[in-house]
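A quick write-up on the structure given underneath.
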Amino acid sequence: MNYISTRGAWHDDPQPFRAILLEGLAPDGGLAVPQRYPRFTAAELAALRGASYPDLAVAVLSRYITDMPIVDLRRIVSSTYTAATFGSEEITPLSTLEPGVHLLHVSNGPTLAFKDIALQLLGSLFEHALRDEHRVLNILGATSGDTGSSAEYAMRGKRNIAVFMLSPHGRMSAFQQAQMYSLDDPNIHNLAVDGTFDDCQDIVKALSADTQFKCAHSLGAVNSINWARIAAQVVYYFKGYFAATTRDGQPVSFAVPSGNFGNVLAGHVAKAMGLPIAQLIVATNENDVLDEFFRGGRYRPRGAAETHATSSPSMDISKASNFERYMFDIVDRDPARLRELWRDLERGGGFDVAGTPLWERVGESGFASGRSTHADRLATIRDVHARCGALIDPHTADGIKVGRELRQPDVPLVCIETALPAKFSATIREAVGFEPPRPSAYADLESRPQRCTVVAADPSAVAAIVAKYALASVGAAPQRERA
Ligand SMILES: *Cc1c(COP(=O)(O)O)cnc(C)c1O
């Protein structure tokens, strides 16, 4: 399997997986996508029923990662998806909320959010690739909470990798801050920026745009457009499908709390690979750029001023970075047509496909969408607790609320649990009046020693720290900055 760009690069020179592993972005600004989606026949799907999570992962990933010996892939997958890391052999167990409505628990990894499923794998894939190519990677990122901790837990202790994670000093929840700052691995550098998340992101952009600095220090990113993250997420759609069905070929729908469109894109890919998915139900919060598109055909990313801070904060996005991969399929994988749409986006701030043949294709793609508000979130958390005896996080509540409204009555619905309630205790308390339980490993989290380096919201101050502690060459001993 080789990879092309959504905007046309690499079409005559498709790239192997290892060339797109570290960066999802193509040189023309497009995103890396596989040349085609590998399809499972009905018989191949039937043979996967009952497979363990690691076996399913190898079956799916080996179709995308074809330039790595299968024994290496198998070893990486088996050491990633373990009961020790994800809490059970099932890795992503399924429970039933009410007749026909299930919850797929994909958030039992180290940071209690679904991003661990992909990032844990990415950590091992990166380590493997860097060793083979005798390279080092210094990951530079900005986080408002969730992504940063997931990346740090995935990369801690990994050889030839260091992480420099910028976070807004004093602006995260106590839980999120403790989760990151209590890590004492020498290759993890927490930089607490005197400023906001936007300041952090601006600094990362400024340093990454400095090609000389970027090359000199082997800077990389672990952002949401990385294709390997999407591929890793495809696996739990398979797992959820088999867990929710009893016979082969039976359709299932998924409800997916969405922000950057990475999670639900993996569902779209699973469907393209032959999994019998009826509906992919996109749930947004008050930041409803995706809902607006799936309801009426207009895609209009918002600016920072129009992006609301909500009680499902990991979905507070103004544009959905992975949406371009979906639209590439809608335009029948014609990069010229895709470029036209994205030119409209850049020029006019949006595009509208209503009334065009593209809108028909969107309709045929099986997507449905709805939005959920703070009041809906609280009501859903309360209702699911009272009627189903389950405590859910605010993002998951958005998915269940919209999923229940839009589902087809005879098709089982799998709602994806994107985080555990322990991460968002204030909203849980507001909804049900008590603290959510915490996995025992996190009982004393906030009282553990923390370390971070406080730095001014100034690219040159951050650059100085990166230059000082970045891994310089293979085998160089990672150093630790002083707080
Ligand atoms: C990242 C995240 C989302 C959004 O997922 P996308 O792949 O960006 O659509 C939803 N819920 C939680 C808890 C998250 O961390």
Side-chain angles (χ1 to χ4, degrees), residues 24 31 103-120 122 141-154 172-173 175-176 179-180 197 222-234 236-237 254-270 280-291 293-294 301 307 310-326 367 369 371-372 377 380-381 392-403 415-425 427-428 436:
L31 305 187
L103 198 55
L104 185 64
H105 302 273
V106 297
S107 298
N108 295 338
T111 72
L112 316 185
F114 83 96
K115 293 185 174 72
D116 290 335
I117 295 277
L119 284 171
Q120 287 286 318
L122 219 57
T143 187
S144 55
D146 284 353
T147 310
S149 59
S150 192
E152 290 188 356
Y153 278 73
M172 294 185 291
S173 77
F175 185 97
Q176 287 175 318
Q179 215 174 17
M180 291 175 55
F197 170 62
V222 278
N223 46 37
S224 59
I225 55 168
N226 186 297
W227 171 259
R229 283 180 71 173
I230 307 295
Q233 289 165 190
V234 170
Y236 60 70
Y237 282 85
F254 287 89
V256 190
S258 295
N260 267 320
F261 208 69
N263 192 349
V264 76
L265 181 79
H268 168 72
V269 172
L280 286 164
I281 301 173
V282 172
T284 72
N285 61 19
E286 291 88 336
N287 296 293
D288 56 0
V289 53
L290 288 168
D291 184 43
F293 173 76
F294 284 107
T307 308
T310 76
S311 50
S312 45
S314 305
M315 290 154 61
D316 291 349
I317 58 102
S318 47
K319 72 182 203 337
S321 23
N322 274 295
F323 186 63
E324 179 169 340
R325 287 188 166 117
Y326 168 76
F367 274 77
S369 83
R371 96 196 259 279
S372 166
R377 223 161 280 141
T380 306
I381 293 169
I392 52 168
D393 105 289
H395 309 78
T396 308
D398 290 333
I400 294 176
K401 186 258 177 190
V402 174
C415 301
I416 297 191
E417 179 179 59
T418 54
L420 292 196
K423 280 198 109 160
F424 301 96
S425 54
T427 304
I428 304 303

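What you are looking at is a predicted structure, and each value in this text was computed from that prediction instead of being measured. This chain uses plain numbering: 1 for the first residue, then up along the sequence. Whatever order the structure lists them in is the order used to number ligands and atoms, beginning at 1.
For the residue pair Ser311/Thr427, the side-chain donor-acceptor check at 3.5 Å is not satisfied.
Under the 4.0 angstrom criterion for non-hydrogen atoms, Ser224 is not in contact with ligand 1.
In this structure, atom 11 (N) of ligand 1 lies nearest to the protein heavy atom Thr418 OG1, 3.0 Å. Given atom 7 (O) of ligand 1, the protein heavy atom at minimum distance is Asn263 N, 2.9 Å. Ranking protein heavy atoms by distance to atom 8 (O) of ligand 1, first place goes to Asn260 N, 2.7 Å. Protein heavy atom nearest atom 9 (O) of ligand 1, with residue, atom name and distance: Gly259 N, 2.7 Å.
With a 4.5 Å cut-off on side-chain heavy atoms, Glu152 and Thr143 do not count as touching. Counting heavy atoms from C-beta on, the side chains of Val264 and Phe367 come closer than 4.5 Å. At least one side-chain heavy atom of His395 sits less than 4.5 Å from a side-chain heavy atom of Pro313. At least one side-chain heavy atom of Ile392 sits less than 4.5 Å from a side-chain heavy atom of Thr380. Between Val256 and Phe114, the closest side-chain pair of non-hydrogen atoms is not below 4.5 Å.
Using a 4.0 Å cut-off to heavy atoms of Phe261, the atoms of ligand 1 that qualify are 6 (P), 8 (O), 9 (O). For ligand 1, the atoms sitting less than 4.0 Å from at least one non-hydrogen atom of Ser314 are 2 (C), 3 (C), 4 (C), 12 (C), 14 (C), 15 (O), numbered in the order shown with element in parentheses. Close approach of ligand 1 to Ala419 is summarised as follows: ligand atoms under 4.0 Å from at least one heavy atom of the residue are 13 (C). Listed by number with element, the atoms of ligand 1 under 4.0 Å from a non-hydrogen atom of Gly262 are 6 (P), 7 (O), 9 (O).
Of the options Asn285, Thr418, Asn287, a side-chain hydrogen bond (donor to acceptor under 3.5 Å, both in side chains) to Ser312 is made by Asn285 and by none of the others.
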Where do Phe293 and Phe261 land on the ring-ring contact (aromatic ring centres under 6.0 Å, His included) test, with the steps shown first?
-> CA-CA 12 Å; Phe293 173 76; Phe261 208 69; 8.6 Å; no
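Nearest residue to atom 2 (C) of ligand 1 from Lys115, His395, Met315 is Lys115 (criterion: closest heavy atom).
With a 4.0 Å cut-off on non-hydrogen atoms, Phe114 touches ligand 1 through its side chain and not its backbone.
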